[in-house]
Undergrad: 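The structure that follows is given in the form of structure tokens.
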Protein chains: 2
Amino acid sequence: MEGIPERLAAKPSWLITQLATHARRLSAAGHEDARAGAYHYRILAALREFGAQSQADLGRRGNLDRSDVVAALNELAASGCIERTPDPADRRRNLVRLTDAGVDQLHRMDRSLDRVQDELLGPLSADERATLTGLLTRLLAHHRTS
Amino acid sequence: MEGIPERLAAKPSWLITQLATHARRLSAAGHEDARAGAYHYRILAALREFGAQSQADLGRRGNLDRSDVVAALNELAASGCIERTPDPADRRRNLVRLTDAGVDQLHRMDRSLDRVQDELLGPLSADERATLTGLLTRLLAHHRTS
DNA sequence: TCGTAATCGTTGGTGTAGCCAACGATACAG
DNA sequence: CTGTATCGTTGGCTACACCAACGATTACGA
């Protein structure tokens with residue numbers, strides 16, 4: 001079987017979306033023991049690095065829709081990873097706080113995600129990995145601000 | 001608002017999946033006048049470059065599940081872009097053929113997708129674009145064969 | 001040659017990711 | 001005080017990537 005149509009193989013948008021599918025597959029496999037998905041990781045990461053904050057802030061920092069934050073927080077609360085308390089300073093908001101169990105969960109996911117990066121970048125040298133992440137970071141910053 | 005958590009921003013898997021989301025958004029915007037999606041383009045591209053072939057072949061070349069090929073072909077047939085005829089040499093198969101209208105549709109989508117690549121790669125120089133596509137191509141080939 | 005395996009198109013699901021609209025409650029600016 | 005904005009929440013949607021199973025057909029091996 002001859003390979004993939006040139007029209008596809010030559011398009012960066014094809015390369016990126018196809019590689020993203022592989023990245024998702026690898027991440028899902030890495031997370032299967034943690035029983036958590038990408039949304040949960042983004043939230044735990046934002047909580048760890050920026051401290052207790054509102055659900056809206058979590059959504060902005062992790063690039064999540066407010067409604068998706070709600071669902072993910074429900075699951076994280078059910079497994080004891082976070083706690084929701086009304087913000088006394090602004091009664092519209094919930095203050096979301098990371099529990100010790102949440103920190104443990106984050107570290108577990110960190111370790112499996114580190115392994116995932118290695119599988120994902122497979123054949124690339126350290127220099128090439130740095131070049132790639134540099135280019136991707138610039139592109140992402142461009143699309144985030146424009 | 002401080003930016004994105006370091007844990008995320010530093011991970012190639014995050015960069016790739018996020019950039020893929022932007023790529024999908026741009027592509028969808030480009031395709032909105034064509035009333036077709038990525039699946040349709042992959043099929044049209046495979047038909048154009050490899051000629052009339054079975055639905056299973058289309059799926060393998062465009063990296064699509066057989067069942068998704070069925071649905072996309074139903075829509076492409078409804079808009080007159082392809083024709084399905086039973087393969088006389090193997091009565092399990094359908095021979096899918098590209099019509100003139102299908103060629104036109106493919107060219108329309110080609111043009112908008114070319115514009116999409118430019119928006120997607122935005123700030124990168126020609127050299128950087130070549131470097132990026134080279135790295136992505138190597139990674140994709142690695143994950144396709146392994 | 002006969003029976004088993006493999007392939008094909010099709011139907012009908014599943015799960016994830018990224019959205020959007022609308023609601024009541026609350027905060028804030030004029 | 002009145003409008004505007006934000007917050008959490010509910011309920012929905014689309015696209016994309018899959019999987020299992022079925023009847024029909026073909027290929028292959030004993």
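Quantities reported herein were computed from a predicted structural model and do not represent experimental measurements. Letters A, B, ... mirror the listed sequences (proteins, then strands); counts begin at 1.
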Undergrad: Would you give a per-nucleotide map of nucleotides 12-19 of chain D, 5' to 3', where B means the base has a protein non-hydrogen atom under 4.0 Å away, S means only the sugar-phosphate does, and - means neither?
TA: ----SBBB
Undergrad: To the nearest Å, how far apart are B/His22 NE2 and C/dG18 P?
TA: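 Computing the B/His22:NE2 to C/dG18:P distance gives 10 Å.
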Undergrad: Rounded to whole angstrom units, what separation is found between the CG atom of B/Leu95 and the C1' atom of C/dT7?
TA: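 B/Leu95 atom CG is separated from C/dT7 atom C1' by 15 Å.
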Undergrad: Look only at the side chain of A/Arg92 and the backbone of A/Asp87, and say whether a donor-acceptor pair between them is shorter than 3.5 Å.
TA: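 Side chain of A/Arg92 to backbone of A/Asp87: no pair is present.
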Undergrad: Could you state the atom-to-atom distance from CG of A/Asn74 to P of D/dG11 in whole Å?
TA: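 In whole Å, D/dG11 P and A/Asn74 CG are 12 Å from each other.
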Undergrad: Could you work out which one of D/dC7, D/dG8, C/dT10 sits closest to the side chain of A/Arg60?
TA: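 Within the option list, the nearest is D/dC7.
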Undergrad: Confirm from the modelled atom types if A/Arg92 and D/dT6 form a donor-acceptor pair under 3.5 Å, side chain to base only.
TA: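 By the distance-only test, yes, there is a pair.
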Undergrad: Would you kindly confirm whether B/Leu113 and B/Leu124 end up in one hydrophobic cluster when ILVMFWY residues are joined by side chain heavy atoms under 4.5 Å apart?
TA: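 Same cluster.
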Undergrad: In terms of side-chain heavy atoms, does B/Asp127 have a donor or acceptor partner in B/Ser125 at a distance below 3.5 Å?
TA: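 On atom types as modelled, these side chains do not qualify, holding no pair under 3.5 Å.
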Undergrad: Would a distance-only check, ignoring hydrogens and angles, find a side-chain to backbone donor-acceptor pair under 3.5 Å from B/Thr99 to B/Cys81?
TA: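 Yes, the answer is positive, given that a donor and an acceptor are paired below the 3.5 Å cut-off.
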Undergrad: Would you kindly give the NE2-to-P distance between A/His40 and C/dG18, to the nearest whole Å?
TA: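 Distance check: A/His40 NE2 to C/dG18 P gives 13 Å.
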Undergrad: Counting only side-chain N and O atoms of B/Asn94, is one of them less than 4.0 Å from OP1 or OP2 of C/dT10?
TA: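 For C/dT10, OP1/OP2 do have a side-chain N/O of B/Asn94 under 4.0 Å.
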Undergrad: To the nearest Å, how far apart are A/Gln55 CD and D/dC7 C1'?
TA: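 Roughly 8 Å, once rounded to whole Å.
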Undergrad: Between the main-chain N or O of A/Ala46 and the side-chain N or O of A/Gln53, is there a donor-acceptor pair closer than 3.5 Å?
TA: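 Side chain of A/Gln53 to backbone of A/Ala46: a pair is present.
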Undergrad: If we ignore angles and hydrogens, is there a donor and acceptor under 3.5 Å between the side chains of B/Gln55 and B/Arg84?
TA: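 Yes, B/Arg84 and B/Gln55 have a side-chain donor paired with an acceptor closer than 3.5 Å.
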Undergrad: Atom CD of B/Glu75 to atom P of C/dT10: distance rounded to whole Å?
TA: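 It is 13 Å, rounded to the nearest whole Å.
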Undergrad: Considering heavy-atom distances to DNA chain D, does B/Asp90 or A/Leu73 have its closest nucleotide positioned more toward the 5' end?
TA: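 It is A/Leu73, whose closest nucleotide lies nearer the 5' terminus.
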Undergrad: Do B/Ser112 and B/Arg115 make a side-chain contact, defined as non-hydrogen atoms from C-beta onward lying under 4.5 Å apart?
TA: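 The answer is yes, as the side chains (C-beta and beyond) meet within the 4.5 Å cut-off.
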Undergrad: Considering only side-chain heavy atoms of B/Arg66, which listed nucleotide, C/dC8, D/dT9, C/dA25, is closest?
TA: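 Nearest nucleotide to the side chain: C/dC8.
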Undergrad: Without decimals, in angstroms, what is the distance between B/Leu19 CG and C/dA17 P?
TA: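 Spelled out: CG on B/Leu19 to P on C/dA17 is 17 Å.
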